[in-house]
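Here the structure is laid out as structure tokens; the discussion comes afterwards.
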Amino acid sequence: MKKRSLEMRHNLTGWAFIAPAVILLVVLSMIPLIKAFLLSLQSGRGSNLSWAGFLNYARMLQDPNFKQTIITTFYYMIWTVPIMIILGILLAVLLNDQMLKLKGIYRTCIFLPAAVSLVASAVIFRSLFATDGFVNIVLVGLGIFDTPYNFLGHPTSARIIIIIMRIWRWLGYQMIFFLAGLQNIDASMYEAAKIDGANKWQSFWRITLPMLKPMILFTTVMAVNSALQVYDESVNLTNGGPGFSTMSLAHYVYNTSFVNVPNFGYSCAMGMLILVMAAVITFVQMKVGDKRE
């Protein structure tokens with residue numbers, strides 16, 4: 001009886017500790033999520049809404065702007081995620097070398113862009129790639145271009161600049177996770193591999209990557225979810241232009257809600273789609289990447 005009473009008190013103590021977090025999660029996440037789903041089943045302008053069922057979801061299949069923003073969002077994800085993961089691992093390996101001097105300064109410099117606000121980052125890149133910006137001055141000065149090129153005025157180059165900006169800003173953030181993972185690898189494993197005749201490249205493939213696998217899975221999931229919610233770069237750097245060529249899905253959801261004539265039901269339906277896509281992709285990544293028995 002005493003044992004059961006003690007176990008009950010332990011359980012109540014545990015629930016008491018997690019109760020504030022659970023309450024906040026329900027109030028700030030679950031309730032708004034349910035309300036957003038119910039709102040996605042309504043149609044109308046502004047506050048004049050009526051029940052429409054799944055009409056908003058059917059509308060997405062016929063909306064060319066929605067289809068374009070989906071393609072653009074996946075374009076950002078397909079390019080930025082692999083590049084950031086690969087470069088993040090390589091930089092972490094280089095900066096984890098015990099013989100490297102001033103590595104603290106290097107780490108700080110690479111991580112520093114993550115501390116810069118997205119608006120400031122957009123202003124920097126708009127200035128760099130403007131027709132009278134630094135990049136055009138250098139390219140014209142080297143004779144690569146005869147006249148300044150309007151990088152932000154062409155769909156392909158504007159998308160590439162957004163990709164470069166995202167990589168520049170988030171690469172250091174990814175690198176920090178890999179550095180943490182590398183520092184948890186026992187140095188004796190590398191020493192044993194060296195005694196067995198393995199070179200650095202073989203040690204990297206046979207020890208470093210397998211040991212970093214949980215961190216690679218985690219950072220990939222986070223990077224994919226971030227890419228599906230690209231907003232600030234699209235708004236502040238190109239404002240979705242030219243046309244809809246650089247507009248992300250999150251940017252289109254915002255415009256549908258607040259910039260154009262407010263259509264909260266349709267924007268909530270698109271928001272629910274972002275949630276479903278993120279959940280499905282994360283589930284697939286966890287199933288493919290996590291091989292623990």
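The model shown is predicted, which means the values in this text are computed figures rather than measured ones.
For Tyr106 against Lys101, the heavy-atom pair with the smallest separation is CE1-O, 3.4 Å. Of all the heavy atoms in Met175 and Arg107, the pair that sits closest is CE-O, 4.0 Å. Heavy atoms only, all atoms of each residue included: Tyr266 and Asp63 are closest at OH-OD2, 2.7 Å. Of all heavy-atom pairs spanning Phe74 and Met277, the tightest one is CE1-SD, 3.7 Å. Taking both residues in full, the closest heavy atoms of Phe151 and Phe145 are given as CZ-CE1, 4.0 Å, listed atom of the first, atom of the second, then distance. In this structure, Met77 and Val224 approach most closely via the heavy-atom pair SD-CG1, 3.6 Å.
Other residues, nucleotides and ligands place no more than 12 heavy atoms under 6.0 Å from the CE atom of Met30. Within a 6.0 Å sphere centred on CH2 of Trp51, heavy atoms belonging to other residues, nucleotides or ligands number more than 12. Residue-environment remark: CE (Met272) exceeds the threshold of 12 foreign heavy atoms within 6.0 Å.
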Open item on the list: Run the side-chain hydrogen bond (donor to acceptor under 3.5 Å, both in side chains) test on Thr256 and Ser267 for me, step by step, so that the C-alpha distance in whole Å, both residues' side-chain angles and the decisive distance to 0.1 Å come before the verdict.
Closed with: CA-CA 6 Å; Thr256 305; Ser267 60; over 6 Å; no
- [ ] Let me see the working for Thr219 and Tyr173 under side-chain hydrogen bond (donor to acceptor under 3.5 Å, both in side chains), right down to the final yes or no.
- [x] CA-CA 10 Å; Thr219 53; Tyr173 184 78; over 6 Å; no
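Residues meeting the salt bridge (charged side-chain N to carboxylate O under 4.0 Å, His left out) test with Arg166, sequence neighbours left out: Glu233.
Taking the centre and axis of the six-membered ring of Tyr75, the NZ or CZ atom of Arg159 falls inside the cone set by 45° and 6.0 Å.
Residues Ile164 and Phe125 are in side-chain contact: their nearest non-hydrogen atoms beyond the backbone lie under 4.5 Å apart. Residues Trp168 and Ser121 form a side-chain contact, since some pair of their non-hydrogen atoms from C-beta on lies under 4.5 Å apart.
Ring geometry, Tyr57 versus Phe54: the interplanar angle falls from 30° to 60°, so the pair is classed tilted.
The distance between the ring centers of Phe177 and Phe218 falls below 6.0 angstrom.
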